[in-house]
Protein chains: 2
Amino acid sequence: MVLKVRAKAPAPSGCPLSACMTLLRGAWTPEVIWSLSSGPRRFSEVRRTLPAISAKVLSARLRELETRCVLTRTVMQTRPPTVEYALTDLGQELIPVIRAIVEVGSSLHQREVQALRKGGSDARAPATVDYEHA
Amino acid sequence: MVLKVRAKAPAPSGCPLSACMTLLRGAWTPEVIWSLSSGPRRFSEVRRTLPAISAKVLSARLRELETRCVLTRTVMQTRPPTVEYALTDLGQELIPVIRAIVEVGSSLHQREVQALRKGGSDARAPATVDYEHA
DNA sequence: GTTTGTGGTAACCGATGGGAAACCGCTCCA
DNA sequence: TGGAGCGGTTTCCCATCGGTTACCACAAAC
């Protein structure tokens, strides 16, 4: 039995685009960061702001973001102990990215509204143009 | 056999964050958009700028981005026929997002360099702080 | 006449992802 | 005595994702 050699690198490593995207990868990741952008929150607080996320995924995201130095996890000496998650400096750097994403998302929503007003049935027509002359 | 009802919506739909992230989802998606940001390119040109992407995935991404109105696909009447991909207005709107991502990626790289200079062995230490007093 | 380049598609297949549900110890409160 | 809330973990399972390989037609170039 010989180990299969991976013919293509999983990530171009040198690329800053892929480097940052690994921080944002995975379901709910931007939402979790966004939820912490207004200040530190506890597990159940984040969960309440993101009602559709499952505990497992939220737990996994928080762990990953911690190991990637995007946020810190602080166990408070209370009874019962509570845990607080807060963005690091690196996490704060991601806020402009997410803000930019939200902006495009909003403009996307406005496009849809306008498309609906205009009639809507051809709003989703394929964008392909066939046989344009060169 | 009863169809399982999806108890949780796959996307919070109203959220502009998720709305925009669906445009960026999937391996290589930001890279492909980035590759087209400097002007229209043909299939094989994009492939050359992204040597590690497979034809299948590039093809899939281009199709998806077309149906999502991020780019247009134009078949040129040449021999042999060539196909040109270009960003739409919506695609152009994504450029600032990707630029922001690249910026964080670069700063990430600088952090790594600094961490290596400082000694590096503890650069990857867990960020958890235990037992902080409330 | 074989290779190169053009722009893909189809089948296969292992890895990963994420949802659902069950479960955990602990403490406060009724 | 028994919830309810805290902050998760574990297991199961299915869907999807993405890489690999093979293949297509056509034309120009070597």
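Residue numbers start from 1 in every chain, and the chains themselves are labelled A, B, ... in the order their sequence lines are given, proteins ahead of strands.
- In this structure, the side chains of A:Leu58 and A:Phe43 come closer than 4.5 Å at one or more pairs of heavy atoms.
- Residues B:Ile101 and A:Met21 meet the side-chain proximity criterion, which asks for heavy atoms closer than 4.5 Å.
- The distance from atom CE of B:Met76 to atom P of C:dG8 is 13 Å, rounded to the nearest whole Å.
- As rounded to whole Å, 12 Å separates atom C1' of D:dT20 from atom CZ of B:Arg47.
- Computed from coordinates, the B:Lys56 NZ to D:dG18 P distance equals 8 Å when rounded to whole Å.
- Contact annotation: A:Ser54 does not reach the phosphate of C:dA20 (side-chain N/O to OP1 or OP2, under 4.0 Å).
- For the pair B:Arg25 CZ and D:dT16 P, the computed distance is 11 Å after rounding to whole Å.
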Polar atom pairs between nucleotides 3-6 of chain D and protein, under 3.5 Å, N or O only, would you list them?
none

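- OP1 or OP2 of C:dT9 lies within a sub-4.0 Å distance of a side-chain N or O belonging to B:Ser59.
- Under the 4.0 Å criterion applied to side-chain N and carboxylate O atoms, B:Glu64 and B:Arg61 are assigned as salt-bridge partners.
- The shortest side-chain heavy-atom distance between A:Ser18 and B:Glu31 falls under the 4.5 Å cut-off.
- Residues B:Arg73 and B:Arg63 form a side-chain contact, since some pair of their non-hydrogen atoms from C-beta on lies under 4.5 Å apart.
- In terms of phosphate contacts, A:Arg73 brings a side-chain nitrogen or oxygen within less than 4.0 Å of OP1 or OP2 of D:dG8.
- Between D:dG8, D:dG18, C:dT9, one nucleotide has an atom nearer to the side chain of B:Ala27 than all others, and that is D:dG18.
- Atom-to-atom, CG of B:Leu50 to P of D:dG19 comes out at 11 Å; the value is rounded to the nearest Å.
- Listed candidates were C:dT9, C:dG17, D:dG18. Nearest to the side chain of A:Arg61 is C:dG17.
- Nearest-nucleotide positions on DNA chain C place B:Tyr85 closer to the 5' end than the other of B:Tyr85 and A:Gly26.
- B:Leu58 places its CG atom 11 Å from the P atom of C:dT9, with the value rounded to the nearest Å.
- Of the residues listed (A:Thr74, A:Thr82, A:Val83), the one engaging A:Arg42 in a side-chain contact (heavy atoms from CB on, under 4.5 Å) is A:Thr82, and it is the only one.
- For B:Ile53 and D:dC17, the CD1 to P distance is 14 Å, given to the nearest whole Å.
- Residue B:Thr67 holds its OG1 atom at 11.0 Å from CG of B:Leu62, rounded to the nearest 0.5 Å.
- We find that CG of B:Leu62 is positioned 15 Å from P of C:dT6, with the value rounded to whole Å.
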